[in-house]
Chemist: 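Got a structure here, written out as structure tokens. Questions coming.
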Amino acid sequence: MSDPTRNDNGARVQEGWGRAPLARFLTPNVETVDVAPEQTYPTVGVLNRGRGLLYRDPVAGSSTSYKKLNRISPGVLVYSRLKAFEGAITVTPDDLPESFASQEFPTFAFASDVDPHFFRILTTTQRMWDALQGASKGMGGRRERVKPADFLNIVMAIPPLPVQERIVEAIGAVDDQIAALDTESEALEGILESLRSDLPETDQQPIGDVLLGIDSGKSVQAGGEASAEDEYRILKLSAVQRGWFKPSEAKTLTEGAMFSPSHVVKNGDLLITRANTPERVGFVAVAKNVPEGTFMPDLIWRLRVDESRASTDYLEHALSSRELRTRISGMSGGTSKSMVKINKRGFGAVRVPIPPLPEQREYVRRCDAVAGGITATRAEEARLRKVRAGLLSGLLDRTIDIESAELEV
């Protein structure tokens, strides 16, 4: 039996901290509406890992099979019953316009001694995600759900309102810095977009003429998210962004014997997604900081570049330009609108400006100057997110005195 006088880490709960079921702090307040065929409904979902709302396209009542929808109001807690085990929970913003969701998204109002902004911060913590995963019931994957009654039975130590407000103040100061860095990064990305689109004016050639070959990956059954301790991992599609590589986007493998050397991802490899949504198919990035034992899945190719005619860095930037992105996505096809594919023959025919190598280097130099600023800004943002996680964990565990929470970050 758990000790209500101690927190989840075994430390004794300080006076005023209420360790109790969430039902003590939250009340169901689901408001349903009948779907009218002539109405249009702005809809939202909930992103995983406490990342807030997902704003979807409005749905016409005549085009949905739902008979009822839940109204999602400002300043309420909402979670996805289906994806709660992934941390799909948040508190809606105070300025949320009229929004709706399916009945898989229950909502809750707050007690008078609860600061909704504190609970929004709580939804971004691993302890909340772990609790939701523990409350998830069902048989495998997408049949798992967290019922509202089970959610309200989750026990947590919640501080008194004045402490909640101090935590909101301390974490909010870090969040403001993270938001400022995010704004700076977005501005630099806009500049990089313009530089990449300023392609050299020269004769265009099929990209296949400057490639030595295209290597395919392999389809395997992978496990969960890869960690630094995993010996083998396989990249996810999300590892290859538009001109950016994210080595952390990988899943774990139990062993690598089923792969050949051609499936191993190395630093400097030029990778391209051969299948994705129409907006993301054909993303290209140079692999960097690749952990050993990283393999290429079947939905990603490696482009082997003839460096005597074109540089890998040039193709990374050029193929990420607006013009060439349109050409690549335009030759994709498939039976599903949500997943299209490119084939080697069609991709090899995409025409690309291939100037002399000195002009390629100048183009790369301009693009890299801004890309370096984006990398530095993102690194600082990642550092601050770690600071935030450590600070919040300490405040919730009471290992950091709330009165000394204004730390130099």
Side-chain angles (χ1 to χ4, degrees), residues 22-23 26-111 114 116-117 119-120 123-124 128-129 132-133 135-152 154 237-238 275-281 326 329-330 332-341:
L22 292 180
L26 300 168
T27 304
N29 75 336
V30 175
E31 178 187 355
T32 61
V33 298
D34 294 324
V35 175
E38 69 278 7
Q39 295 291 328
T40 299
Y41 298 90
T43 57
V44 296
V46 181
L47 295 167
N48 65 0
R49 300 181 72 79
R51 293 182 295 133
L53 292 178
L54 170 65
Y55 295 91
R56 298 189 168 113
D57 292 334
V59 172
S62 59
S63 67
T64 180
S65 60
Y66 289 118
K67 302 301 182 184
K68 294 180 180 292
L69 291 173
N70 284 357
R71 187 188 302 276
I72 309 300
S73 303
V76 299
L77 184 142
V78 59
Y79 74 88
S80 167
R81 298 201 318 160
L82 186 61
K83 294 188 177 180
F85 72 98
E86 296 180 352
I89 183 172
T90 193
V91 173
T92 61
D94 295 333
D95 59 353
L96 179 70
E98 184 175 49
S99 301
F100 301 86
S102 78
Q103 292 182 285
E104 290 288 348
F105 295 86
T107 54
F108 303 83
F110 295 97
V114 172
H117 299 291
F119 255 81
R120 181 194 62 78
T123 65
T124 67
M128 174 63 81
W129 307 335
L132 288 169
Q133 191 169 53
S136 182
K137 296 179 180 178
M139 294 294 292
R142 296 200 169 274
R143 289 193 294 273
E144 295 182 355
R145 280 176 168 79
V146 173
K147 297 178 180 179
D150 294 326
F151 171 67
L152 291 173
I154 292 174
L237 272 174
S238 52
N276 212 318
T277 62
E279 299 78 18
R280 298 175 61 85
V281 69
T326 301
S329 60
S332 64
T335 57
S336 171
K337 292 183 179 180
S338 61
M339 178 67 81
V340 295
K341 297 179 180 179

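All heavy atoms count here, side chains included; hydrogens, waters and symmetry mates do not.
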Chemist: At what distance, to the nearest 0.5 angstrom, does OG1 of Thr43 lie from CG of Asp57?
Modeler: 7.5 Å
Chemist: If every non-hydrogen atom of Ser80 is compared with every non-hydrogen atom of Phe105, which pair is closest and at what distance?
Modeler: CB-CE2, 3.5 Å
Chemist: To the nearest 0.5 Å, what is the distance between CE (Met339) and CZ (Arg280)?
Modeler: 10.5 Å
Chemist: If you compare all heavy atoms of Pro93 against all heavy atoms of Tyr55, which two are closest, and at what distance to 0.1 Å?
Modeler: CG-OH, 3.8 Å
Chemist: So which of Ser136, Ser102, Pro106 actually passes side-chain contact (heavy atoms from CB on, under 4.5 Å) with Arg81?
Modeler: Pro106
Chemist: Between Val340 and Ser332, what is the shortest heavy-atom contact and its length?
Modeler: CG2-OG, 3.6 Å
Chemist: Over 60° means perpendicular and under 30° means parallel, so tell me whether Phe151 and Phe108 are parallel, tilted or perpendicular.
Modeler: tilted
Chemist: With a 4.5 Å limit on heavy-atom distance, are the side chains of Pro148 and Tyr79 in contact?
Modeler: yes
Chemist: Compare every heavy atom of Glu86 with every heavy atom of Asn48, then report the nearest pair and how far apart it is.
Modeler: CB-O, 3.3 Å
Chemist: Mind listing the closest non-hydrogen atom pair of Glu104 and Arg145 along with its distance?
Modeler: OE2-NH2, 2.9 Å
Chemist: If the test is side-chain contact (heavy atoms from CB on, under 4.5 Å), which one of Val35, Thr64, Thr40 qualifies with Val59?
Modeler: Thr64
Chemist: First locate atom OG1 of Thr107, then atom CG of Leu26, and finally report the distance between them rounded to the nearest 0.5 Å.
Modeler: 11.0 Å
Chemist: Tell me whether Trp129 contacts the main-chain N or O of Thr123 through its side chain, where contact means a donor paired with an acceptor under 3.5 Å.
Modeler: yes
Chemist: Are any of the side-chain heavy atoms of Lys68 and Gln103 separated by less than 4.5 Å?
Modeler: yes
Chemist: Once you round to the nearest 0.5 Å, how far does CZ of Phe100 lie from CD of Glu31?
Modeler: 8.0 Å
Chemist: Between Thr92 (side chain) and Val76 (backbone), is there a donor-acceptor pair under 3.5 Å?
Modeler: yes
Chemist: Looking only at heavy atoms, what is the nearest atom pair of Gly75 and Asp94, with distance?
Modeler: CA-OD1, 4.0 Å
Chemist: Going from OG1 on Thr90 to CE on Met128, what distance comes out if it is rounded to the nearest 0.5 angstrom?
Modeler: 10.5 Å
Chemist: Assess whether atom CZ of Phe110 is packed by more than 12 heavy atoms of other residues, nucleotides or ligands within 6.0 Å.
Modeler: yes
Chemist: For the atom pair OG1 (Thr124) and CZ (Arg49), what is the distance rounded to the nearest 0.5 Å?
Modeler: 10.5 Å
Chemist: Here's a test for you: under side-chain contact (heavy atoms from CB on, under 4.5 Å), which of Ile89, Asn70, Leu53, Val91 qualifies with Val78?
Modeler: Leu53
Chemist: May I ask you to say whether Arg71 pairs ionically with Glu98, meaning some side-chain N is under 4.0 Å from a carboxylate O?
Modeler: yes
